[in-house]
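The structure under discussion appears below in the form of structure tokens.
Residue numbering restarts at 1 for every chain, and letters A, B, ... go by the order of the sequence lines.
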Amino acid sequence: MNTPLTCIALVGLALCSGAALGQGQPQDEGSVSRAEHEALRNDLETLRAEMAAMRKARQANERAAHQDATQAPTWIELERMRLRQDMIEQTLLEAKYGESNFHFTGFAFTRFTNVEGADSSFTAVVAPIILWELSDRLLFETELEFGLETEDGEGKTEVELEYAHASYILNDYVTLGAGKFLTPFGIFGERLHPAWINKLPDAPLPFGHHGGLVPMSSLGAYVRGGFPLGDAKGNYSFYVSNGPSLNVEGHGVGTLDFENFGDINNNKAFGGRVGFLPWPEIEVGYSFQFADVTPSGFDQQADALLQSIDVSYVTESDLLGGLIDLRFEWVFSDVDDVAFAAEVEGHAEEGGHAEEEEEGNEAFITFNNERSGGYLQLAFRPTKSDMEFLRNLEFVGRYGWLDLPSGAPDAFDQERWTIGVNYWLNPSTVLKIAYEHTEIDGGDDFDAIKAMFAIGF
Amino acid sequence: MTTKTNSHTSIRILFVVGLVWVGLLGCKTEQQIADRQPDPVAMTQIGDEASLAITGGAKLWAQNCIRCHNIRNPASLSDRQWEIVLHHMRVRANLTAQEHELILEFLKAAN
């Protein structure tokens, strides 16, 4: 082996192992260099900061978890929410189905009248109606009418019980009822008089609460119903009621008082109407009422027979581009002729029908107590027009007449022509304006302008 | 008196002629009214099984409820209110039992 080379190798080995030993063992045990100390301190600070951040994060998590735990709804709250949901559902259902056995309805109007020779005037009426369905067969209905009147220069509120009656559907063809009801005599009183239905601001001549030829309402009992007749239809209404009484004194002698609610004798009035609809658009009706109308204390017997025919025709015509509404009624009243005390001076005595008799010191008058009256009304509404304004317009014409007995005091035949225009704001809200011309036999003709704003609610 | 009575009679004869005339005009439209279709919106809300009866009800509604006054929107009243009002109308208008039932069914579906 080469000795110098071996020596170099040994020295190298010694040096290498010395360096290695120097690295593996501290030169001075228990003390570190400054650099090492700084490095270690930095490490520690970093660790501390990381731990603090971790603790913070954990605390934040814990707090959040705790908060969640305290905010979660308890079972009471859940129950409350469920109840609230039920209530909302119930309210929604009620809005669609409704619950009540009562239904509040009716109508209101304000009317302006300017009649030639009289002061023009406004009036207002509200007529609430309450319907109470006690079962699906039993219905109670009532209408009150609140109006205004002036008596002795003082304004008053007038209240009338228009009707209050209960009805019971016995079977498909028979409904029974009793109370104060709109009289099913003709069609105006029972079907057309409410202000939002009547197409003109006033009633036709033979109708109306005062001075009309027919009863508007009656106190008694009725039986009524409708039935199919093949493709056609029929209906009937019969009633027994207290009935009217004959006016035997004062200006209205010979007329019938339909507003006497206590009966004047033990005899009741019998009446009714039968209707026939060959097609759904057309109805013809015949009405009658028979009554003993002798007032108590009057010494002569007087019976009254009232009869009427009516025709209704309502259809939407393509040819005319709108809705036609035609009504016709003709009423006849025949009251037994009796002798009335002649208190009234200056009564009409034409045609030789009236007779005046002297019996001792008392004077009597008698006349053929037959009356008739009627009306024909035609309305047209261009429901097929493209313009909304036109669709809401309605044009109405009516001719009415009253034939009264010649010889009866203060009884003058009348004819009345009315034309009117209506504007419908919705199916039951209407503004009506009408012009009227009335001719009085033996008196002065007069004109009138009438306007009405009516709402059915 | 006599002249008045004469003028009354001629006017009334005119009315009867007028009545017949308007009647003839209207007869042409009879079928159209009978065929009037119910509100399509209402029809989409009901099942097939009920729709037949309701189409019948809609027709009866269009034919009957216009006879005395304007027709009100079915949506203007709730089911319960229609029940009471239809009860009222059945008595007032002498509706047949079937008309009552079918029209009510239609109104409840269409409101």
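- Residues A:W401 and A:W330 place their aromatic rings such that the two centres sit under 6.0 Å apart.
- Of the listed residues (A:G234, A:P194, A:S428, A:P184), the greatest number of heavy-atom pairs within a distance under 4.5 Å of chain B belongs to A:S428.
- Neither the backbone nor the side chain of A:S312 comes within contact range of chain B, judged by heavy atoms closer than 4.5 Å.
- Neither the backbone nor the side chain of A:L176 comes within less than 4.5 Å of any heavy atom in chain B.
- Among B:C68, B:A93, B:A75, the residue making the largest number of heavy-atom pairs under 4.5 Å with chain A is B:C68.
- Partners of A:E329 according to the salt bridge (Lys or Arg N to Asp or Glu O under 4.0 Å) rule, which considers only residues two or more places apart in sequence or in another chain, do not exist here.
- Across A:G456, A:G374, A:G225, the residue that shares the most heavy-atom pairs under 4.5 angstrom with chain B is A:G225.
- Contact annotation for A:L139: both backbone and side-chain heavy atoms come within less than 4.5 Å of a heavy atom of chain B.
- With a 4.5 angstrom heavy-atom cutoff, B:Q98 does not touch chain A via any of its atoms.
- Judged as a ring pair (Phe, Tyr, Trp, His ring centres under 6.0 Å), and not counting sequence neighbours, the contacts of A:H165 are A:Y163, A:Y222.
- Using a 4.0 Å cut-off between charged side-chain N and carboxylate O, B:R80 and A:E133 make a salt bridge.
- A:N101 touches chain B through backbone and side chain together, each having a heavy atom under 4.5 Å away.
- Of the two parts of A:I187, neither the backbone nor the side chain holds a non-hydrogen atom closer than 4.5 Å to a non-hydrogen atom of chain B.
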task = Before giving the answer on side chain to side chain donor-acceptor pair (under 3.5 Å), spell out for A:T429 and A:N426 the whole-Å C-alpha distance, their side-chain angles and the decisive distance to 0.1 Å.
result = CA-CA 5 Å; A:T429 306; A:N426 71 35; 3.1 Å; yes
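- B:N94 and A:S237 form a side-chain donor-acceptor contact under 3.5 Å, judged by distance and modelled atom types alone.
- With hydrogens and angles left out, the side-chain atoms of A:E141 and A:W132 include no donor and acceptor closer than 3.5 Å.
- Among B:E83, B:H100, B:R92, the residue with the largest count of heavy-atom pairs under 4.5 Å with chain A is B:R92.
- Note on B:E99 versus A:K233: salt bridge recorded, some NZ/NE/NH1/NH2 to OD/OE distance being below 4.0 Å.
- Note: A:E190 leads A:E190, A:E283, A:R381 in heavy-atom pairs under 4.5 Å with chain B.
- Both the backbone and the side chain of B:I84 come within less than 4.5 Å of a heavy atom of chain A.
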